[in-house]
Amino acid sequence: MGNPKSRKRGRIIIIVCLLLALGAAGAFLGFKRGDTAVAVQFDKVVRRDITEIVVANGRVQPVLQVVINPEVSGEIIDLPVIEGQDVKKGEVLVRIKPDNYIAQRNSADANYKSSLAGTSLAKANLEKAQLEFARFKQLHETQLISDSQFLEAKTNLDVARANFENSQHQAEQAKAALARAEDDLAKTTIKAPITGTVTKLRSQQGERVVGTAMMAGTEIMTIADLGKMEARVDIGEIDVVLIQLGQKARLEVEAFRDRKFTGVVSEIANAAKGPASSQSSSSSMSSQQQEATKFEVKILINEKEPFRPGMSVTAEIETRSKTNVLAVPIMAVTTRAPKDEKKEEKKEEEKNTALPVRGAKKESAPKANEVVFLVNGDAAKMAVVKTGISDDSHIEVTEGLTEGQEIVAGGYAAVSRQLEDGKRIKKEEPKKKSDDKKA
């Protein structure tokens, strides 16, 4: 019989071998699973026309609208319109109690008439003084009166002439005051400055309103021409430089979901939206800097529909356009960090350097490359590309690809994360939409 210690040692060796074999098998299976082909969708590099668009949100507003503010203060005694009513130019909108303004007009009229009477009296006195001076002049020439009497007659003539001129100026002032009083009286009746619709009515009959003589005044109503509407959208500072007058736009209004509208850019703001005052507190300045800078762009709507002011709208403005350019689906383009060719050299330098140099700046991470994965048999081949403009589905490729090359176009997870150069791939048919199945 064999030695028991030898038999025990043999069992241990067998168990260790079995464990090593199982570990090797597990590692092999894990490696095979890691090398599993990624299911992707194929497409080709084609030539097509691309029109770049800028998308922005905003509101529908009338091109022409007028806010009605009274120029005189008082009580509204007549308000013959309601909100939503159509009015014609010259139609009466508001009447303000005119009693005080009638009294002022009557007082100004009386002052004017009194000044006219004073002018007539001054004119008569001037004529009398002229006659007396002429008579005294003849007597003085024949030495029938003294020099002092002649000078007194001349002085009386000068005084009469000055009184007449003063009365004329007073008459002109009184006339101007009368015209101002009549104008104020006329302003107690407000008429429509344009033909349109009363879109907002903020005051009621019996309410007292403040005129615009010394302040903003009370806003009574707003009248707008709803026959011409525009979309006012906010566009960021990066995209606004691409916007030009006359560019075409496609519009989608929330209230008309089943329809698309068209328009053209009619106005571009020169200044960003926000308070114009430079005397702002530090807190308000910091909050403004955190907000995105926006510029208002107006788009004239071509279609005539019953739009209402304030409706939400989404605009797609066509900016740059190119024809017959190489293009791939947007999903096919992704980014990958560039390979560091000097990695080993840097490691050697770090080994040879005992201490880091004080004040040395850390190198910034290299910029990621835009890449497209080509179909190379059953593997993906990474190609660095340069891109141009894009539309809602395709992007222009200016360098790195040729027409007809087969590329990986999806899915998103495969292109953006899973694929690397040389990774095994297999073709996956795109999933049919539920609409196609129903058809």
Side-chain angles (χ1 to χ4, degrees), residues 59-122 166-230 232 275-277 298 306-311:
R59 301 284 179 179
V60 174
Q61 296 292 348
V63 174
L64 178 62
Q65 63 179 2
V66 180
V67 177
I68 304 299
N69 300 89
E71 295 184 71
V72 294
S73 302
E75 178 188 347
I76 296 177
I77 60 172
D78 189 17
L79 190 63
V81 297
I82 61 175
E83 188 166 322
Q85 179 178 333
D86 294 332
V87 296
K88 295 182 179 180
K89 184 177 180 179
E91 186 176 340
V92 175
L93 302 176
V94 183
R95 284 192 175 92
I96 297 173
K97 190 174 182 179
D99 296 8
N100 290 336
Y101 301 99
I102 291 175
Q104 292 175 10
R105 192 275 313 272
N106 293 339
S107 176
D109 183 54
N111 289 335
Y112 177 58
K113 291 177 179 177
S114 176
S115 63
L116 289 179
T119 301
S120 299
L121 179 60
N166 183 52
S167 65
Q168 285 183 315
H169 295 320
Q170 290 180 348
E172 290 176 357
Q173 291 179 348
K175 184 178 180 180
L178 175 60
R180 184 168 56 253
E182 289 178 342
D183 185 56
D184 288 343
L185 178 59
K187 289 175 180 177
T188 59
T189 299
I190 303 175
K191 298 181 179 180
I194 62 171
T195 298
T197 303
V198 180
T199 56
K200 292 180 182 177
L201 185 60
R202 293 185 170 87
S203 298
Q204 299 178 354
Q205 185 172 338
E207 181 180 342
R208 291 192 63 84
V209 293
V210 179
T212 57
M214 300 297 292
M215 57 189 69
T218 305
E219 183 177 331
I220 298 178
M221 68 181 72
T222 301
I223 299 177
D225 181 7
L226 301 183
K228 293 182 180 180
M229 304 294 285
E230 63 186 8
R232 301 179 185 178
S277 175
K298 297 180 180 180
F307 298 114
R308 295 191 177 185
M311 285 183 172

**Q** To the nearest 0.5 Å, what is the distance between CG on Leu201 and CG on Leu93?
**A** 10.0 Å
**Q** Please tabulate, for side-chain N and O atoms in residues 66-79, each donor-acceptor pair with protein atoms closer than 3.5 Å (sequence neighbours left out).
**A**
{"from": "Asn69", "atom 1": "ND2", "to": "Thr218", "atom 2": "O", "distance (Å)": "3.1"}
{"from": "Glu71", "atom 1": "OE1", "to": "Lys187", "atom 2": "NZ", "distance (Å)": "3.2"}
{"from": "Ser73", "atom 1": "OG", "to": "Gly211", "atom 2": "N", "distance (Å)": "2.8"}
{"from": "Asp78", "atom 1": "OD2", "to": "Arg95", "atom 2": "NH1", "distance (Å)": "3.0"}

**Q** List the residues meeting side chain to side chain contact (heavy atoms under 4.5 Å, CB included) with Glu91, not counting sequence neighbours, and say none if there are none.
**A** Gln85, Val87, Lys88
**Q** Please confirm whether the backbone N or O of Ser115 pairs with a side-chain atom of Thr119, one donor and one acceptor, at under 3.5 Å?
**A** yes
**Q** Sequence neighbours excluded and cut-off under 3.5 Å, please list the side-chain donor-acceptor pairs for residues 222-230, or say none.
**A**
{"from": "Asp225", "atom 1": "OD1", "to": "Gly227", "atom 2": "N", "distance (Å)": "3.1"}
{"from": "Glu230", "atom 1": "OE2", "to": "Arg232", "atom 2": "NE", "distance (Å)": "2.8"}
{"from": "Glu230", "atom 1": "OE2", "to": "Arg232", "atom 2": "NH2", "distance (Å)": "3.0"}

**Q** Please assess Ile190 against Val92 for the test side chain to side chain contact (heavy atoms under 4.5 Å, CB included), listing each intermediate value before the final yes or no.
**A** CA-CA 6 Å; Ile190 303 175; Val92 175; over 6 Å; no
**Q** For the backbone of Asp184 and the side chain of Thr188, can you confirm whether one donor and one acceptor N or O come within less than 3.5 Å of each other?
**A** no
**Q** Determine, step by step, whether Val94 and Met221 satisfy the side chain to side chain contact (heavy atoms under 4.5 Å, CB included) criterion, reporting the C-alpha distance in whole Å, the side-chain angles of both residues, the deciding distance to 0.1 Å, and the verdict.
**A** CA-CA 10 Å; Val94 183; Met221 68 181 72; 3.7 Å; yes
**Q** Which pairs, with at least one residue in residues 96-110 and sequence neighbours excluded, count as a salt bridge (charged side-chain N to carboxylate O under 4.0 Å, His left out)?
**A** Asp109-Lys113
**Q** Return each pair, listed once, that meets salt bridge (charged side-chain N to carboxylate O under 4.0 Å, His left out) where at least one residue sits in residues 194-212; pairs must be two or more places apart or across chains.
**A** Arg202-Glu219
**Q** Could you pull out every donor-acceptor pair under 3.5 Å between side chains of residues 166-173 and any protein atom, sequence neighbours left out?
**A**
{"from": "Ser167", "atom 1": "OG", "to": "Asn163", "atom 2": "O", "distance (Å)": "3.3"}
{"from": "Ser167", "atom 1": "OG", "to": "Phe164", "atom 2": "O", "distance (Å)": "2.6"}

**Q** Under the ring pair (Phe, Tyr, Trp, His ring centres under 6.0 Å) test, which residues partner Phe307, sequence neighbours left out?
**A** Phe256, Phe261
**Q** List in chain and number order the residues that pass side chain to side chain donor-acceptor pair (under 3.5 Å) with Arg180, two or more places apart in sequence or in another chain; answer none if no residue qualifies.
**A** none
**Q** Rounded to the nearest 0.5 Å, how far does CG of Leu185 lie from CG of Asn100?
**A** 11.0 Å
